[in-house]
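All remarks here apply to the structure that follows.
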Amino acid sequence: MTTERTRIERYEPAAIEPRWQARWAELGLHRTDLADTSRPPYYLLTMYDYPSGNLHVGHWYVKTPTDAFGRFRRMQGHNVFFPVGFDAFGLPAENAAIRNRIHPAQWTYSNIANMRRQLRSMGAGFDWDAEVVTCDPAYYRWNQWLFLRFLERGLAYRATAPVDWCPNDGTLAREQVEGADRRCWRCGAKVEKRDLAQWFLRITRYADELLDFTGIDWPEPVRVMQTNWIGRSEGAEVVFRSAPDTHIPGGDEIRVFTTRPDTLFGATFMVLAPEHPLVEKLTSPGQRPVVAAYIEQARRETEIERLNTERDKTGVPIGADAINPVNGERIPIWVADYVLGGYGTGAIMAVPAHDERDFAFARQFDLPIREVIRPVATYGEDRDLVEAYVSKTPDDVLVNSGRYNVMAAPDAIRAITADLEERGEGKAAVSYRIRDWLISRQRYWGTPIPVVHCEACGIVAVPDADLPVLLPETVDYAGSGENPLGRDAAFLHAACPRCGGPARRETDTMDTFMDSSWYWFRYLSSRKDDGPVDRAMLDRWTPVAQYTGGAEHAVMHLLYSRFFTKAMADCGLVGHREPFLRLFNQGQVLGADGERMSKSRGNVEDPDALVAQYGADTVRLFLMFMGPWDQGGPWSPTGIGGVARFLNRVWTLVLDPHGHEPGDAEAGRLPTGEDAAAAEKAIRGAAHRTLAAVTADYEGFRFNTMVAKLMELANVLFRYRGTEVAGGPAWDEAVRLLLLMLAPAAPHVSEELWERRHAAAGTAWSSIHLERWPEVDAAAAAVATRELPVQVNGKVRDRVEIAVGLSAAEVEALVLARPKVVAALGGATPERIIHAGGGRLVNIVVRG
RNA sequence: GCCGAGGUGGCGGAACUGGUAGACGCGCUAGCCUCAGGAGCUAGUGCCCGCAAGGGCGUAUGGGUUCAAAUCCCGUCCUCGGUACCA
């Protein structure tokens, strides 16, 4: 016998994917009509990328599920806006330029061209018309414009801050300094810190508002990280004064911030940060050399080093004392690197008995430790502290604290603060860890800060009409000594906009986090040339409904974006105060070696090769199938073949329902005991149950189980392939649902098969991506019987097929008659029978 | 150190609010089909004992709560991410 085998065309992704991409582009399928009000708007945003040159699978891992979600939302009837752009300013371009003698712009734009091609090959539904490239003057012009608005409102200001400085090369940003020993990446010289006047944005003005996350649905870990970053703490500011000495008259105010004013009597010394302005003034002549040497050393350390708890404490006494305002006691003043110049007041009162760091310091240098607070039960006992006692309970009481003895700690905090305030020696205060945002960069490839320094008028803003202040095309960015922009005479010299006199342009450029702090607003009017944003568009489309991106941006980018939104709202540019309503942080795909993917490690996975081998749909689906999206993990293509096989099976199901594989003896026959009607019912049931589950999975970003459920449905259909119900109405409905559910995730193959179905049926084609998301038929999805596990004392002893909707009594009668249950009971009388989880299982409890 | 997330078969992972542990896929085994196959189809596959029926053990680890724990609580070990001596 010769089996007549249907020869169907093979599934060749390389043949169909580019064709559909071109067709969609022609149809403008992904161009969002922002003015369309007939459907609810849905702004879907994924973090834009730095144009490093090549997309790796990590980029796909972020973008692919986001794209699938956008397509899903669109099928649900939303007008989805899903833009893309490039975070195109930044250091790598400048470094590449120096290394390869190629202009940063040329390097950047050629990378962008390549990445556009790669992004298109994914088949993602980006709206390219809205694209933003931040190094384009049409974009950075508005960075400058916004900066000027902030300047007007006192949100931008100039202050002195240290930068890493290479004595050979000129100034360096932190990211250019490599290695623990702080050497210049170019010449290897030891880097120093040097103070420079730089520009800041006053994010601290919004510190309290940034602590408030009401109204936005963000992951708990991100909220915690931002909260800790802002670091609000309540306490008191206390004024100590320098004591008169042979070298100083005394009386200088030394302000400290403390969260525990109740421990003031336990202060046995003071510590100033090496940066503290009074160090110079108060240091005794005898201590000058050692203090100067210590400061020199501290200035070379990174903040992370200084903040390492494990490290032995270092410090030196400055040879002067301070007077404790509560008891008039003289205590020595030290300088130590564990106190930071930038936090609080840059000075602390040290209470070794009740602070671990102060305790370690006191032990190291043999300074007195005086206990002033202890649990009430030990009041009056003699005891020695072997470690700092950090009081946390409100029941603890004060000792060795004069008239505050026996007072409970919280009462003492209030009383001591109030008494200090009365005497003008302190007040209740709030301190924040967050500092203002330093936006100055001493580089070429960034947005020029639009001010001039006039000899007569000082700092003068460039008028709006003169924006943008363009980056000069050719400058010597490789040279050394000062800012690249300062080496361009034509750029540098300008007329003062106010007096017309000679002025010097600002030569700092902006931190690239400026660009990314408002880019999603610009997407909505990327070509607008009379303002940064279109308020009417913003009112319709923002806040962003859903933002996706990596957790590495949990603090900086996301916090700056929130700050910008609030600041822009205060400038009247935006009508709301939070940028992103819902945030999802996906995990990171690591290289096969478990390390972060990077060119230098050589563990970068090239998506182009995978696409060439398997096609974009398989790669997309595999990335979703790998695991839960928020987890990521080491890249391993093991298993991608399973996904490819699945798409092949879908292909076969759609194009060849009647064929069957010669290797399957059972093929072409219905399962035993099932007639055609039962088979059709089973198929419809499976399809609609899958639809319900898949819908919920898309909604909850559970793409891995979504794919698994589609595979299960395909497996069910395959079982019926070649039988009398294959190609029938139930089958046809199931296949239709399968394609619709697959469309967001694997857009090309589902579109191709959709078209072929139309062709076969002789109906007019329209894109599957414009179809409405199907509705679940609850009746079809319902099940008549189900398997009921029966436990005896919590162990499963039997499984019974029961009709849905039986009463508890009926179930019990049925279950207790089962031989296996009888055997498991061994003659014992059930003590009670639990019907758990809404009848999901039965547990018979027998006391033994 | 601290904060956050996590630890489930040979592997990636599933298990929604405590209720059938291991869905789906990879890999492996057997059979079918094929000139052949690293293609396709079907079946099996947590571990141990057993021909089988069946039984025992199992979610890093030690306790606990519960009729019932991967899930909740306490302790320990390990991995990953973040990082602040924050006064």
Side-chain angles (χ1 to χ4, degrees), chain A residues 3 10 219-222 224-225 228-229 231 233 235 256-260 263 271 303-304 306-311 313 336-340 342-351 355-358 360-361 431-434 551-552 554-555 587-588 590 594 596 622 625-628 630-634 636-643 645-646 648-649 652 660-667 693 696 700 702 704-705 707-712 715 718-719 721 787-796 799 820 823 831-847:
Chain A
T3 315
R10 285 169 57 105
E220 167 85 14
V222 177
V224 168
M225 277 191 258
N228 292 344
W229 186 269
S233 48
V256 303
F257 175 77
T258 176
T259 53
R260 296 306 297 258
T263 62
V271 184
E303 208 160 285
I304 291 172
R306 287 175 60 171
L307 300 182
N308 182 354
T309 338
E310 313 283 82
R311 216 167 60 134
K313 293 277 182 286
D337 61 6
Y338 80 94
V339 174
L340 300 178
Y343 181 79
T345 59
I348 62 157
M349 62 174 204
V351 185
D355 182 282
E356 281 147 28
R357 297 151 296 170
D358 298 344
F361 193 85
S431 184
Y432 298 89
R433 175 191 175 276
I434 191 173
E552 64 270 24
V555 175
Q588 206 165 20
L590 307 173
R596 187 170 304 197
F622 177 63
F625 185 60
M626 269 171 44
D630 58 354
Q631 276 178 30
S636 159
T638 320
I640 193 168
V643 172
R645 198 165 301 149
F646 162 64
N648 263 301
R649 279 158 73 87
T652 306
H660 57 78
E661 299 306 321
D664 175 15
E666 299 297 314
R702 292 183 296 270
N704 56 330
T705 52
V707 176
K709 282 158 193 164
L710 293 181
M711 288 173 166
E712 283 183 87
N715 290 346
F718 233 89
R719 217 161 287 144
R721 184 164 172 257
E787 193 181 65
L788 177 77
V790 183
Q791 297 181 332
V792 174
N793 283 342
K795 292 196 180 222
V796 178
R799 292 163 212 270
K820 283 185 188 174
E831 185 174 302
R832 62 174 161 142
I833 298 176
I834 292 157
H835 297 259
R840 252 207 302 268
L841 67 66
V842 164
N843 188 12
I844 303 165
V845 184
V846 189
R847 279 277 174 234

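Scope of the values below: all heavy atoms of this structure, side chains included, with no hydrogens, waters or symmetry mates. Here is how names work: the chains are called A, B, and so on, in the same order as the sequence lines, proteins then strands, and each is numbered from 1.
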Cation-pi check, A:Arg649 onto A:Phe718 ring (under 6.0 Å, within 45° of axis): yes

Using the [atom1] atom as the reference point in each nucleotide, state the distance between [N] and [M] in Å, no decimals.
N	M	atom1	answer
B:G58	B:G22	C1'	11 Å
B:A52	B:C47	P	14 Å
B:U76	B:U83	P	26 Å
B:G44	B:C26	C1'	16 Å
B:C78	B:U59	C1'	16 Å
B:C80	B:U8	P	14 Å
B:G18	B:G56	P	27 Å
B:G10	B:C16	P	23 Å

Taking the minimum atom-to-atom distance to the side chain of [X], which one of [options] wins?
X	options	result
A:Ala708	B:C24, B:A87, B:U20	B:C24
A:Pro221	B:G4, B:C86, B:C26	B:G4
A:Ile348	B:A87, B:G19, B:C3	B:A87
A:Pro628	B:A14, B:C26, B:G12	B:A14
A:Asn704	B:G19, B:G12, B:G13	B:G13
A:Val796	B:G19, B:A15, B:A21	B:A21
A:Val845	B:C67, B:G25, B:C16	B:C67

Assigned partner base of [N], Watson-Crick or wobble definition, under 3.5 Å:
N	answer
B:C3	B:G81
B:A53	none
B:A87	none

Separation of atom CZ in A:Arg649 from atom C1' in B:G40, rounded to whole Å: 10 Å

Can you tell me whether the base of B:G62 sits syn or anti, using the 90° cut around 0 to define syn? anti

Just checking [X]: base, sugar-phosphate only, or nothing, at a heavy-atom cut-off of under 4.0 Å?
X	value
A:Val351	nothing
A:Lys709	nothing
A:Gln791	base
A:Ser636	nothing
A:Gln588	nothing
A:Asn715	sugar-phosphate

Is the phosphate of [N], meaning OP1 or OP2, less than 4.0 Å from a side-chain N or O of [X]?
X	N	result
A:Arg832	B:C67	yes
A:Arg645	B:G40	yes
A:Lys795	B:G19	no
A:Tyr343	B:A87	yes

A:Glu356, CD atom: more than 12 neighbouring heavy atoms under 6.0 Å: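 No, because the 6.0 Å sphere around CD of A:Glu356 holds 12 heavy atoms or fewer from other groups.
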
